Amino acid sequence: MQKGKALYEGKAKIIYETDDPTLVIQHFKDDATAFNGIKKGKIVGKGVANTAISSMLFELLEKNGIPTHFIRKISDDDMLVKKVRIVPVELVVRNISTGSLCKRYGVKEGLVFKSPIVECYFKNDALNDPLMNDDHILALEIAKADELSGMKQIALKINEILKVFFDSIGVNLVDFKLEFGRYQDRILLADEISPDTCRLWEKGTNRKLDKDRFRQDLGDVESTYEEMRRRIVGEKK
Ligand code: TMP
């Protein structure tokens, strides 16, 4: 599958046209940003690690009945995916307190919630992705009621599948962000699932194994992406 023209360039990925109008290539860059682009850097090997990790996790979710945009990994840093229209809502699922939740509500990091929290944010860089409730999403016609309840239900199912998987590799799934897209008459899980979009803490030590190493200048950034690639996907062939 040949890359055509770039349709969209985001902070960490580029979407390319293909000769099939229903498919696009999702290319993963080494570029990293935080705090809505205020902090910028490069994490050598991140594109390769996130392509391998995302591909493996999308395959796992598909096997467990979650409809996704994923078709196949086509190179070290490219995935072939269905061309969706992204719903401008970012769904965050939280199992353990950290990040913006601690800041917003003044709670300490590491509280284990009895049941997961699902939050919705308006995907809008110019507005800094503000938190929204269901009424905002419906009133502003960002998604329909059945789409919203479907996305939330799927997000919780994904949480159950990923929690079990990460547990099996010695990692606690702390929180993660999902994006969905419209494709024909369906909603598919889209975008990526990687250490850029999840918080992953090593069981026992709570060592951070995700992009917080970059956001918080914790060091060992590149080696952590490679460690997660290895833990999730296994040794390179
Ligand atoms: P937060 O605690 O900063 O709101 O982040 C919640 C989760 O969402 C965390 O797993 C990191 C992920 N995330 C993204 O994928 N993209 C973003 O732009 C932000 C702010 C968070």
Side-chain angles (χ1 to χ4, degrees), residues 8-13 15 26 28-41 43 46-47 49-51 53-54 57-58 61 68-69 79 86-113 116-133 136 151-152 154-156 158-163 165-167 171-181 189-202 206-218 221 224-225 228 232:
Y8 169 81
E9 177 156 8
K11 288 178 283 223
K13 296 189 292 296
I15 304 293
Q26 179 166 284
F28 289 75
K29 303 192 280 186
D30 283 350
D31 297 348
T33 64
F35 318 117
N36 199 17
I38 289 171
K39 179 179 168 121
K40 288 194 177 74
I43 302 172
K46 178 169 83 76
N50 283 359
T51 306
I53 292 168
S54 252
L57 295 177
F58 277 115
L61 293 174
T68 82
H69 71 157
M79 253 165 59
I86 291 287
V87 180
V89 177
E90 299 189 357
L91 280 91
V92 169
V93 181
R94 301 183 187 270
N95 297 306
I96 300 175
S97 67
T98 188
S100 68
L101 180 133
C102 291
K103 278 207 194 88
R104 183 176 306 114
Y105 301 114
V107 296
K108 64 175 194 222
E109 184 170 75
L111 301 174
V112 180
F113 303 127
I117 296 170
V118 181
E119 295 173 340
C120 296
Y121 293 85
F122 185 27
K123 183 176 163 66
N124 184 318
D125 281 342
L127 299 175
N128 221 346
D129 297 346
L131 186 67
M132 303 185 109
N133 70 24
H136 295 126
M151 290 189 290
K152 285 179 155 186
I154 293 173
L156 288 170
I158 291 170
N159 187 43
E160 292 312 310
I161 298 163
L162 294 184
K163 264 197 317 195
F165 171 74
F166 280 109
D167 185 71
V171 172
N172 282 321
L173 178 61
V174 172
D175 60 28
F176 58 96
K177 184 265 300 178
L178 300 174
E179 294 183 27
F180 293 86
L189 177 69
D191 195 54
E192 66 177 293
I193 304 180
S194 72
D196 276 13
T197 63
C198 301
R199 289 205 178 89
L200 305 164
W201 294 355
E202 186 173 55
N206 281 348
R207 183 163 61 100
K208 294 184 175 177
L209 298 172
D210 57 64
K211 193 177 165 189
D212 273 353
R213 300 210 74 85
F214 169 79
R215 293 188 188 99
Q216 300 171 7
D217 295 317
L218 300 177
V221 182
T224 300
Y225 277 82
M228 284 315 294
I232 293 170

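Just so you know, ligand 1 is whichever comes first in the structure, and atom 1 is the first atom listed for that ligand. Nothing here was measured: the structure is a model prediction, and the numbers come from that model.
Stacking of Lys46 on the aromatic ring of Phe28 is not recorded, the 6.0 Å distance cut-off and the 45° axial limit not both being met.
No donor-acceptor contact under 3.5 angstrom links the side chains of Arg215 and Thr33, judged on distance only. A donor atom on one side chain and an acceptor atom on the other are found under 3.5 Å apart for Thr98 and Glu109. At a cut-off of 3.5 Å, with distance as the only test, no side-chain donor of Asn172 or Lys163 sits close to an acceptor on the other residue.
The closest protein non-hydrogen atom to atom 10 (O) of ligand 1 is Asp175 OD1, 2.5 Å. The protein heavy-atom contact nearest to atom 4 (O) of ligand 1 is Ser100 OG, 2.6 Å. The protein heavy-atom contact nearest to atom 18 (O) of ligand 1 is Asp129 OD2, 4.5 Å. The shortest contact between atom 14 (C) of ligand 1 and any protein heavy atom is with Lys177 CE, 3.6 Å. What sits closest to atom 17 (C) of ligand 1 on the protein, heavy atoms only, is Glu90 OE1, 4.7 Å. Of the protein's non-hydrogen atoms, Arg199 NH1, 3.4 Å is the one closest to atom 5 (O) of ligand 1.
Here Thr197 has heavy atoms under 4.0 Å from ligand 1 in both its backbone and its side chain. Heavy atoms of Arg94 found under 4.0 angstrom from ligand 1 belong exclusively to the side chain. Contact annotation for Arg215 and ligand 1: only side-chain heavy atoms (C-beta onward) come within less than 4.0 Å of the ligand. Contacts between Asp196 and ligand 1 below 4.0 angstrom, taking non-hydrogen atoms only, involve the backbone exclusively.
Nearest approach of Lys123 to Val89, heavy atoms of both residues: CB-N, 4.1 Å.
With salt bridges taken as basic N to acidic carboxylate O contacts below 4.0 Å, none links Asp31 and Lys11.
Ring to ring, Phe58 and His69 are close: their centroids are under 6.0 angstrom apart.
Shown in contact with Phe176 at under 4.0 Å from a heavy atom are these atoms of ligand 1, numbered in order with element: 10 (O). Near Gly99, meaning under 4.0 Å from one of its heavy atoms, ligand 1 places the atoms 2 (O).
In this view, Asp210 satisfies the salt bridge (Lys or Arg N to Asp or Glu O under 4.0 Å) rule with no residue, not counting sequence neighbours.
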